[in-house]
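Encoded as structure tokens, the structure appears first; notes follow it.
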Amino acid sequence: MTVSELYDTLPYGPAPEDSKLAQAWLDDRGRKFGVYIDGAWHGVDDQFEVFSPGTGNAIATVAQAEDGLVDRAVRAARRAQPSWGALPGVERGRYLYAIARHVQKHSRLFAVLESLNNGKPIRETRDLDIPLVSRHFYYHAGVCDMLPDHEPVGVCGQIIPWNFPLLMLAWKIAPAIALGNTVVLKPAEFTPLTALLFAEICAEVGLPPGVVNIITGDGRTGQAIVEHSDIDKIAFTGSTEVGRIIRRATAGTGKKLSLELGGKSPFIIFDDADLDGAVEGLVDAIWFNQGQVCCAGSRLLVQESVADVVLNKVRRRMQTLRVGDPLDKAVDIGAIVAPVQRDRIHELVTVGVNEGAELFQAGTCPAEGWFYPPTLLTNVSPASTVAQEEIFGPVLVAMPFRTPAEAVDLANNTVYGLAASVWSENLNLAFDIASRVKAGTVWINCTNQFDASSGFGGFRESGFGREGGIEGLYEYVKPRHQDQRRPELASDPVVNSDAIDRTHKLYIGGKQVRPDSGHSLVIHGHEIARGNRKDIRNAVEAARSAQPGWQRSTAYLRSQVLYYLAENLQHADLFGASREEIAAATDAVFRIAGQVDKFEGRVHAVPSRGMAYTQNEPIGVVGAVLPDNSPLLSLVTLIAAGIGMGNAVVLIASETNPLPSVALYRVLEASDIPAGVVNIVTGLREELVPTLADHDGIDAIFAFGGEELRQDVELRSAANLKQTWVSSDIDASVDELLRRCTQVKNVWVPYGE
Amino acid sequence: MNPAELRTPNLGRNSGIPLDLDWVESVRVNRSAVERRTATLLGRRTVKKQWQAAWLLRAIACMDLTTLAGDDTATNVRRLCAKARFPVRKDLLEALGMPGHHVGAVCVYHEWVSTAVEALAGSGIPVAAVSAGFPHGQSPMRLRLAEIEESVAAGAQEIDIVITRAKVLGGDWAGLYDEVKAFREACGEAHLKAILATGELATLRNVQKASLVAMMAGADFIKTSTGKETVNATLDFGLVMARAIRDFNDRTGYRVGFKPAGGIRAAKQSLDWLILMKEELGDPWMKPDLFRLGASSLLTDIERQLEHFVTGRYSANHRHPMP
């Protein structure tokens with residue numbers, strides 16, 4: 001068209017990014033790739049095609065790595081780890097720095113290749129993905145020496161998704177190698193290309209062979225990594241469904257595990273928000289990366305007084321979104337990664353409409369390639385499928401709310417807990433909501449903000465572990481000298497019989513209650529209540545109702561309660577416990593009491609005008625299966641750490657030596673611990689553990705005992721993805737104990753009038 | 001909902017509405033969110049090649065070619081008017097297929113209104129006069145009104161008034177409303193552009209509130225700056241004002257125009273402003289009846305870009321007739 005023809009309507013016109021260099025890069029490699037193991041490329045005959053979603057055309061083939069290659073990669077990583085881990089931190093840091101520099105030097109090639117292979121707009125890869133990748137390596141170049149009391153985990157198997165291919169690689173590899181681990185990484189089968197370019201960068205900077213190994217393949221390759229016996233840690237980002245499979249596969253193996261899974265994150269707009277700002281935030285929340293973002297603000301909760309205004313603004317804004325060629329610089333929404341994904345989006349939207357949702361779509365999709373238009377579903381309620389299921393596409397569902405309390409209830413009415421966005425010009429309200437929403441990241445008056453200094457990860461079934469920030473470093477280390485077992489304290493199980501008969505009950509909801517079964521067990525000459533599944537149920541019920549109030553109490557108050565517990569403990573006459581153990585238990589409680597008001601968050605130095613602060617929040621209701629050794633010390637240690645950080649606890653007492661536990665009831669009663677915050681059930685492990693470990697009302701489960709117990713508990717934890725801590729014994733510093741009993745929430749608050 | 005319902009209503013010239021203080025007080029502006037939008041907007045949109053040439057020609061059509069200097073004389077005002085009639089070299093306009101293209105208006109002090117009217121006779125290009133104690137807005141109200149009336153009598157079809165910043169900073173919205181309403185009445189048929197002097201209003205919230213009050217009082221355009229403040233037309237101010245225009249249009253049906261002015265010197269900036277209009281207000285706000293760019297040296301840079309489009313070579317200033 002001529003200038004004068006265009007003059008009347010002033011359309012945008014095409015603004016294509018030049019993809020010549022990326023095409024040449026592919027051509028130079030024959031559009032066929034092997035795997036990168038031990039610093040060298042290995043050809044693989046078994047290949048599969050990868051596509052460009054913007055056109056639907058195949059652009060290269062990559063290797064389907066089978067078990068033998070996985071093993072080869074793991075062995076290379078194992079060989080490389082000792083010397084890599086032994087390097088002074090500053091030397092490892094130099095490699096990370098060089099990687100960051102090289103990513104920047106090739107930033108446009110990375111950006112174009114990523115857009116080409118994933119279908120996301122070039123604007124996003126150029127302005128967000130790739131800059132965040134180099135930022136991640138820069139940040140971690142400086143962390144190598146930061147945890148002197150810890151050592152590398154060893155060999156890490158890392159499996160990443162297709163939505164942010166290179167960025168997720170950076171989130172995995174940077175902290176791992178910075179802290180002395182070596183890695184075997186598998187990119188997603190749809191989007192392996194930038195990982196392969198990254199492998200070339202590793203070679204370019206002279207990274208020692210075996211430190212980073214990159215192998216491609218489908219789910220089978222991933223499975224081989226997860227199941228490999230010589231891997232010490234698995235880090236996975238992807239669907240909750242696959243996360244559960246990995247949890248089960250690694251149960252009882254001793255592999256450290258971090259999972260970053262799905263979400264259905266609320267985007268909450270209050271009536272006193274900058275509504276235009278909030279609507280623009282929604283564009284970044286749900287129409288960023290075609291909505292294929294685990295933390296996408298996919299559930300719009302809007303205060304009813306402004307709901308119509310906001311929804312009209314949203315509909316109008318949707319009409320100026322441009323869907324099209326991902327390599328066009330003026331496109332907002334690119335292509336969906338694969339037809340199967342687009343079909344799933346379509347399917348879920350259809351379900352939503354069939355259930356009564358009102359559909360609004362805008363934008364025109366190109367005829368070729370795999371596109372889906374920006375979509376809004378209204379007339380939706382929590383009972384709607386589309387309000388609960390992660391759609392992972394450019395689909396927003398909207399629901400009104402009446403009050404701030406109802407906004408919180410709706411926000412938390414989900415199995416997920418990855419992120420939330422809160423919009424209000426009243427910071428009293430915004431901070432309060434931020435503290436009450438169950439999510440690993442809360443963005444106040446902003447959304448989808450990321451930085452290497454701020455840890456990212458979920459609550460609930462969005463997974464566990466953090467990536468980024470100081471908090472993320474702990475995923476890639478273990479305390480030094482972990483093998484030094486705590487000396488076992490002598491206990492005194494033989495107790496003189498009482499003159500007057502005594503009844504030992506269960507401790508549930510602040511009261512001593514008789515077991516539901518009406519049965520007792522005779523242990524060391526004492527009749528001990530034989531709890532059953534209903535007693536566990538009642539204990540969890542009591543803990544759930546007590547926990548929110550207890551969480552809201554101040555750390556000062558909780559530490560005072562613990563000090564009082566220590567006071568009452570010191571002279572207690574607890575049968576079954578030796579004086580020595582009572583003294584040790586008293587010390588443990590006293591020490592933890594002194595730390596719970598100091599285990600604080602921090603303020604991250606994020607690169608924006610504003611701050612990102614962290615809060616160490618309780619996990620919720622923590623269940624624990626106590627060890628048989630040092631039963632009193634173990635019990636009070638877990639009580640103190642658990643409730644000190646604001647959790648409620650449900651504890652299964654030692655089966656072989658429950659006497660100190662039951663004796664403790666009176667001390668607990670005397671120590672101002674609110675009813676339901678501590679619950680203790682005695683009985684047979686085989687009758688109690690399955691119910692506790694299966695219970696969806698339990699947010700974390702700790703189990704101390706033999707291999708069978710540890711595996712059973714981790715297997716069962718998969719159903720609702722409880723956080724787990726399984727070990728033969730409680731052997732942890734106060735710092736680690738408190739970390740085990742908390743999860744980090746990052747709250748972002750930009751400011752400026 | 002049918003997308004057509006989301007189109008902007010049009011009730012003709014803004015005749016103003018009674019002052020609605022509840023509306024003014026309900027204004028919320030989050031600065032960080034505004035900055036994020038403007039910072040990412042230009043990464044989201046760009047125009048290239050013939051599309052860019054068409055957009056640049058539109059920027060010329062929307063330009064209030066301005067001289068507001070202490071040393072203005074009839075000589076440079078006449079030269080400016082000649083440039084307004086022939087803003088781009090003839091050979092270039094012919095190559096672009098847009099002969100006879102001219103600017104939106106010429107903007108001068110009262111003293112040169114009649115000179116400009118004479119120089120532009122027959123061109124259809126209106127003369128705009130800055131007025132009401134420009135740029136400070138602190139002369140006696142009686143004189144400010146008289147100044148407007150005299151400029152209109154001298155042939156100005158557009159009057160760019162300045163508001164009293166003290167009324168905004170003091171929260172005297174009724175006072176601001178009365179002032180702008182009086183100016184509007186003094187304008188009669190001439191169109192009123194209300195210069196908010198955003199760089200002196202302290203906060204974006206004040207900018208949005210002042211925008212609303214000026215529109216309620218009957219402003220035909222709201223304009224960012226006099227060009228004399230330390231901070232002139234920024235996209236942040238523009239975004240906030242555009243959103244106010246949109247809300248006003250939604251609630252009243254009146255379309256109020258927008259004019260950024262001050263510090264707009266590069267062709268790229270004129271595209272940025274047009275992009276902001278297209279995205280936030282829609283295509284009607286990309287035409288001279290609802291959009292003006294206050295500028296002086298901008299034109300030469302646009303000419304150079306157009307020559308580059310036509311010849312493929314980068315151009316130089318001296319190849320284009322100076323204003």
Side-chain angles (χ1 to χ4, degrees), chain A residues 1-16 121 123-124 126-127 271-278 280-281 283-284 309 311-313 315-322 328-332 358 360 362 378 423-426 445-447 449 608-610 749-753, chain B residues 1-3 5-8 26-37 39-41 43-58 61 95-99 101 202-205 208 239-240 242-244 246-247 250 274-275 278-280 282-283 286-287 306 309-310:
Chain A
M1 283 179 80
T2 65
V3 171
S4 56
E5 285 164 341
L6 294 168
Y7 182 78
D8 276 342
T9 52
L10 297 191
Y12 280 113
R123 175 189 77 86
E124 293 180 10
R126 180 197 63 202
D127 296 350
D271 61 1
D272 55 3
D274 172 355
L275 300 182
D276 287 308
E280 212 50 58
V283 172
D284 287 330
V309 174
L311 289 173
N312 276 332
K313 282 178 185 288
R315 290 187 192 102
R316 175 149 57 192
R317 182 66 181 90
M318 286 169 72
Q319 292 174 72
T320 56
L321 291 171
R322 303 186 76 224
D328 189 312
K329 286 180 264 196
V331 145
D332 297 304
E358 212 171 293
F360 179 87
T378 50
W423 292 76
S424 166
E425 288 301 290
N426 173 1
N445 293 326
C446 61
T447 200
Q449 297 285 297
S608 62
R609 187 188 60 228
V749 199
Y751 50 70
E753 174 63 54
Chain B
M1 177 183 269
N2 181 340
E5 290 173 45
L6 301 171
R7 298 245 166 82
T8 50
S26 74
V27 162
R28 301 280 185 280
V29 182
N30 187 282
R31 181 176 154 199
S32 302
V34 166
E35 289 170 345
R36 182 168 172 79
R37 170 64 169 153
T40 55
L41 177 64
R44 285 180 183 272
R45 295 291 181 267
T46 180
V47 277
K48 304 286 185 198
K49 301 191 171 151
Q50 64 262 47
W51 289 269
Q52 187 183 82
W55 283 56
L56 289 173
L57 284 165
R58 182 64 67 76
L96 292 162
M98 298 285 288
H101 201 66
T203 65
L204 292 177
R205 262 193 303 166
Q208 183 148 7
L239 177 63
V240 167
R243 286 171 171 174
R246 190 169 64 203
D247 281 348
D250 282 347
L274 280 168
I275 287 171
K278 191 175 180 76
E279 292 295 315
E280 290 291 328
D283 291 352
M286 299 173 81
K287 293 185 173 166
L306 290 173
F309 171 73
V310 171

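This is a predicted model, so every value here is computed, not measured. Quick note on labels: first sequence line is chain A, next is B, and so on, each numbered from 1.
- For a residue to count as touching a neighbouring chain, one of its non-hydrogen atoms must lie under 4.5 Å from one of that chain's; by this rule B:Arg36 touches chain A with the side chain only.
- B:Glu280 touches chain A through its side chain: at least one heavy atom from C-beta onward sits under 4.5 Å away, while N, CA, C and O do not.
- For the options B:Glu35, B:Gln208, B:Gln52, heavy-atom pairs under 4.5 Å to chain A are most numerous at B:Glu35.
- Looking at heavy atoms from C-beta onward, A:Lys329 lies out of side-chain contact with B:Arg45 at the 4.5 angstrom threshold.
- In this structure, B:Lys278 forms a cation-pi arrangement with A:Tyr12, its terminal cationic atom sitting closer than 6.0 Å to the ring centre and no more than 45° off the ring axis.
- Residue contact with chain A, scored on non-hydrogen atoms closer than 4.5 Å, involves the backbone and the side chain of B:Asn30 alike.
- In this structure, A:Glu280 pairs ionically with B:Arg37, as a charged nitrogen and a carboxylate oxygen lie closer than 4.0 Å.
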Begin with the C-alpha distance, continue with both residues' side-chain angles, and end with the deciding distance and a verdict on side chain to side chain contact (heavy atoms under 4.5 Å, CB included) for B:Gln50 and A:Thr2.
CA-CA 7 Å; B:Gln50 64 262 47; A:Thr2 65; over 6 Å; no
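- B:Arg205 CZ: 12 or fewer foreign heavy atoms inside a 6.0 Å radius.
- Under the 4.5 Å side-chain criterion, counting only non-hydrogen atoms from C-beta, A:Val3 is in contact with B:Leu57.
- Between B:Arg246 and A:Asp276 there is a salt bridge, since at least one side-chain N of the basic residue sits less than 4.0 Å from a carboxylate O of the acidic one.
- Side-chain contact between A:Thr9 and B:Met286 is absent, with no heavy atoms from C-beta onward closer than 4.5 Å.
- Contact of A:Asp272 with chain B is made through backbone and side chain together, with heavy-atom distances under 4.5 Å.
- Across B:Thr203, B:Leu204, B:Val29, B:Thr40, the residue that shares the most heavy-atom pairs under 4.5 angstrom with chain A is B:Val29.
- Using a 4.5 Å cut-off between heavy atoms, B:Ile275 touches chain A through backbone and side chain atoms alike.
- At least one side-chain heavy atom of A:Arg316 sits under 4.5 Å from a side-chain heavy atom of B:Asp250.
- Using modelled atom types, one side-chain atom of B:Ser32 and one backbone atom of A:Tyr751 make a donor-acceptor pair closer than 3.5 Å.
- For B:Arg58 (side chain) and A:Tyr7 (main-chain N/O), a donor-acceptor pair under 3.5 Å exists by modelled atom type.
- Proximity to chain B (any heavy atom under 4.5 Å) is restricted, for A:Met1, to the backbone atoms N, CA, C and O.
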CA sep, side-chain torsions, deciding dist, call: B:Arg31, A:Glu753, side chain to side chain contact (heavy atoms under 4.5 Å, CB included):
CA-CA 6 Å; B:Arg31 181 176 154 199; A:Glu753 174 63 54; 5.8 Å; no
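- The pair B:Arg44-A:Asp332 counts as a salt bridge, with a side-chain nitrogen and a carboxylate oxygen less than 4.0 angstrom apart.
- Residues B:Ala33 and A:Trp423 share a closest heavy-atom pair of CB-CZ3, 4.0 Å.
- Ion pair A:Asp8/B:Lys287 not flagged as a salt bridge, since none of the NZ, NE, NH1 or NH2 atoms sits closer than 4.0 Å to an Asp/Glu carboxylate oxygen.
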